[in-house]
> 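Please find one structure pasted underneath; my questions will follow.
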Amino acid sequence: MNFWWLFTLAVSLAMDCFAVSLGIGSSPLSITFRRVSRIAFHFGFFQFAMSCLGWLLGSSVVNFISGFDHWLAFALLAWVGIHMIHEGLSGERQVVESEDPTRGRTLIMLSLATSIDSLGVGLSLALLQINIFTASLLIGLVSLVFSAVGMRLGNSLSEKFGERMEIAGGILLLLIGLRILVTHLMG
């Protein structure tokens, strides 16, 4: 998997962070540097950590499943992609609480919710024997940037645009999964 495919994967995973950040940014809270920094750091860190955790879980079983790993990678990416598309189409969005969502338990729950997809992707990366540190670092950094941008643009962008971004992220994950499957089947 070359850099551009990894970057596309990272962008796809960052769409949840971007969408949630848009929602928080459009809330009545004042958008301060500190709030933007907290959201961006936590979302980026959780994306990084969850992809590493998925890789750790996957690398221990990779020898047992090498004959069908491309199918498993496709299935995991397709599942995550379809889940993202479904959420985008159904309008099921995180409701921001009246308390500050950039602090405490709410921040941790939002960070976990936006990074669950990275766990499955990390497992897929283990099956493909990708350098997990480079991939996870890229995933975390892209999520950090998208989260910061989402917070800043949240006041001017509509909620509907955030749903479209989530749908686009799901489609990109499906395309990456298809590419992996076709590459392994053809070559």
Side-chain angles (χ1 to χ4, degrees), residues 1-2 4-24 43-44 46-59 61-62 65-96 109-130 132 135-136 138-140 142-147 149-150 157-187:
M1 196 178 276
N2 67 28
W4 291 110
W5 279 106
L6 283 176
F7 182 74
T8 303
L9 178 66
V11 168
S12 298
L13 289 170
M15 292 302 170
D16 280 346
C17 298
F18 184 73
V20 171
S21 296
L22 277 172
I24 294 169
F43 283 9
F46 272 72
Q47 290 278 11
F48 169 82
M50 291 293 269
S51 59
C52 287
L53 179 61
W55 179 85
L56 285 173
L57 294 173
S59 64
V61 298
V62 74
I65 58 175
S66 61
F68 58 92
D69 61 351
H70 51 283
W71 286 102
L72 187 56
F74 168 73
L76 288 168
L77 289 170
W79 181 80
V80 171
I82 290 168
H83 178 71
M84 288 173 66
I85 292 167
H86 177 268
E87 283 182 356
L89 291 173
S90 69
E92 295 175 12
R93 310 262 310 156
Q94 284 284 351
V95 176
V96 179
M109 294 308 293
L110 288 172
S111 299
L112 282 171
T114 58
S115 65
I116 289 296
D117 299 344
S118 289
L119 187 68
V121 169
L123 179 57
S124 298
L125 293 175
L127 299 173
L128 298 171
Q129 299 177 340
I130 301 290
I132 192 60
S136 294
L138 184 61
I139 289 167
V142 169
S143 295
L144 182 143
V145 170
F146 272 50
S147 299
V149 169
L157 299 176
S158 70
E159 187 176 83
K160 188 168 183 94
F161 183 70
E163 291 169 0
R164 289 185 190 148
M165 293 301 289
E166 192 167 22
I167 293 167
I171 290 169
L172 286 172
L173 283 177
L174 281 172
L175 290 174
I176 291 168
L178 283 172
R179 181 191 174 272
I180 290 167
L181 185 62
V182 169
T183 301
H184 278 73
L185 292 176
M186 297 295 182

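The basis for the numbers below is simple: all heavy atoms, side chains too, and nothing from hydrogens, waters or symmetry mates.
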> Looking at every heavy atom in both Phe18 and Phe146, which two are closest together, and how far apart are they?
CD1-O, 3.2 Å
> Side-chain contact test, heavy atoms from C-beta onward, threshold under 4.5 Å: evaluate it for Leu9 versus Leu125 and give yes or no.
yes
> Quick check: closest heavy atoms across Phe7 and Val142, and the distance to 0.1 Å?
CE1-CG2, 3.8 Å
> Rounded to the nearest 0.5 Å, what's the gap from CG on Leu6 to CD1 on Ile130? Could you check?
6.0 Å
> Taking all heavy atoms of Ser143 and all of Gly44, pick out the closest pair and write down the distance.
CB-CA, 4.0 Å
> CG of Leu112 to CZ of Phe46: how many Å apart, nearest 0.5 Å?
5.0 Å
> To the nearest 0.5 Å, what is the distance between CG on Leu13 and CD1 on Ile116?
12.0 Å
> Please find the pair of heavy atoms, one from Thr114 and one from Gln47, that lie closest to each other, and give the distance.
O-NE2, 2.9 Å
> Could you grab the distance from atom CH2 of Trp71 to atom CG of Leu185, nearest 0.5 Å is fine?
5.5 Å
> What pair of heavy atoms forms the shortest contact from Met50 to Ser115, and how long is it?
CG-OG, 3.4 Å
> Rounded at 0.5 Å granularity, tell me how far CD1 in Ile132 sits from CZ in Phe48.
8.5 Å
> Within a strict 4.5 Å, meaning less than it, do heavy atoms of the Ser21 and Phe43 side chains meet?
yes
> Can you name the closest pair of heavy atoms from Ile139 and Ser118 and give their distance?
CG2-OG, 4.1 Å
